[in-house]
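Structure record follows, encoded as structure tokens.
One-based numbering along the sequence shown. Here the structure is a predicted model, which is why all the values come from computation and not from measurement.
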Amino acid sequence: MSSISTTLPSSISQDTSLSSSSSSTGTPTTSGSPVVSSANANASAGQQKSESESLQLLQQPPQQQQDLSEFIKDGKVIVMAKNVGSAPPLKQMKFRLQVTFPFYKVHESFRRQLQLPPEAPLFLFINSTFQPSPDEIIENLFKCFHVNGKLEIQYCFTPAWG
């Protein structure tokens with residue numbers, strides 16, 4: 001077998017200022033003091049901060065889950081449509097949808113109501129934030145992202161968010 005040797009380019013130099021001695025913790029030392037880079041110190045400070053924030057969250061009382069049965073009636077939820085940019089408003093901006101529908105049905109419905117040809121772009125967003133997957137079920141979106149018992153869907157012809 002042949003051994004592989006690597007050489008460093010001249011622009012990269014090896015740091016030989018570290019002595020080969022180690023402290024009792026196994027940390028390389030120079031002149032008896034441990035070597036700590038500022039990046040490692042900042043990372044450990046950030047980690048300690050996030051750990052303390054996590055502990056504070058764990059100590060808070062659990063939030064009461066809102067009973068969604070008051071919003072889901074007859075297997076339907078309320079959807080609020082909002083036009084963004086140059087998109088015209090729908091004739092009916094508030095309607096009820098079956099919770100079992102996949103999101104692509106909403107997309108088809110909006111396209112039909114706006115009388116858009118199949119090649120015209122239409123972007124749908126939940127809470128002005130993201131575009132859900134076409135196969136996402138309305139009930140799941142509603143449970144996670146409803147606002148005051150309504151699922152807000154923004155629509156536009158050009159990408160606005162996300």
Side-chain angles (χ1 to χ4, degrees), residues 4 6 8-9 11-12 15 25-28 34-162:
I4 300 173
T6 59
L8 296 174
S11 62
I12 300 175
D15 186 10
T25 60
T27 307
V35 176
V36 178
S37 70
S38 62
N40 289 343
N42 291 341
S44 64
Q47 185 179 11
Q48 288 173 352
K49 183 178 180 183
S50 65
E51 286 176 6
S52 66
E53 289 172 353
S54 297
L55 289 175
Q56 288 175 354
L57 289 175
L58 290 174
Q59 293 170 354
Q60 292 178 354
Q63 295 178 348
Q64 296 177 351
Q65 289 188 343
Q66 190 174 15
D67 185 22
L68 295 178
S69 62
E70 66 182 274
F71 300 126
I72 301 175
K73 296 178 182 167
D74 300 328
K76 295 182 179 183
V77 295
I78 296 174
V79 174
M80 296 293 297
K82 294 183 181 179
N83 58 319
V84 176
S86 63
L90 295 174
K91 290 179 183 175
Q92 185 176 357
M93 301 294 275
K94 182 178 179 180
F95 49 93
R96 295 178 67 82
L97 277 180
Q98 286 286 105
V99 293
T100 57
F101 278 177
F103 192 72
Y104 75 85
K105 294 256 188 198
V106 176
H107 199 271
E108 289 173 352
S109 173
F110 278 40
R111 186 173 287 283
R112 193 172 39 254
Q113 289 181 44
L114 293 168
Q115 300 174 349
L116 292 176
E119 66 277 358
L122 177 63
F123 299 91
L124 301 181
F125 296 90
I126 301 292
N127 295 342
S128 304
T129 309
F130 73 100
Q131 293 180 297
S133 172
D135 62 344
E136 190 66 52
I137 303 299
I138 297 297
E139 182 177 20
N140 296 340
L141 291 169
F142 181 81
K143 285 179 180 178
C144 296
F145 304 107
H146 76 92
V147 177
N148 297 326
K150 298 173 182 74
L151 184 63
E152 295 180 0
I153 300 177
Q154 291 78 20
Y155 63 96
C156 55
F157 298 141
T158 58
W161 298 281

Residue pair [X] / [Y], side-chain heavy-atom distance below 4.5 Å:
X      : Y      : answer
Pro88  : Asn83  : no
Ile126 : Leu151 : yes
Val106 : Phe101 : no

For the [atom1] atom of [X] and the [atom2] atom of [Y], what is their distance to the nearest 0.5 Å?
X      : Y      : atom1 : atom2 : value
Tyr155 : Phe123 : OH    : CZ    : 15.0 Å
Asp74  : Arg96  : CG    : CZ    : 6.5 Å
Leu114 : Ser109 : CG    : OG    : 9.0 Å
Asn127 : Met80  : CG    : CE    : 12.0 Å
Asn140 : Phe145 : CG    : CZ    : 10.0 Å
Ile138 : Lys76  : CD1   : NZ    : 13.0 Å

Minimum heavy-atom separation for [X] and [Y], please, with both atom names.
X      : Y      : result
Leu124 : Gln131 : O-CG, 3.2 Å
Phe142 : Gly149 : CE1-O, 3.4 Å
Met93  : Lys82  : CE-CA, 3.8 Å
Cys156 : Val84  : CB-O, 3.4 Å

Plane angle bin for Phe71 and His146 - parallel if under 30°, tilted between 30 and 60°, otherwise perpendicular: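 Taking Phe71 first and then His146, their aromatic rings sit tilted (interplane angle of 30° to 60°).
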Pair Arg112-Glu108, salt bridge (Lys or Arg N to Asp or Glu O under 4.0 Å): steps then yes or no: CA-CA 6 Å; Arg112 193 172 39 254; Glu108 289 173 352; 5.2 Å; no
Side-chain (Glu136) to main-chain (Phe103) donor-acceptor, under 3.5 angstrom: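 Checking the backbone N and O of Phe103 against the side chain of Glu136, no donor-acceptor pair under 3.5 Å is found.
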Backbone of Gln98 reached by a side-chain donor or acceptor of Thr100 within 3.5 Å: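 Judged by distance alone, no pair lies under 3.5 Å.
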Side-chain donor-acceptor pair present, Asp135, Ser133, cut-off under 3.5 Å: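 Yes - a donor-acceptor pair under 3.5 Å links their side chains.
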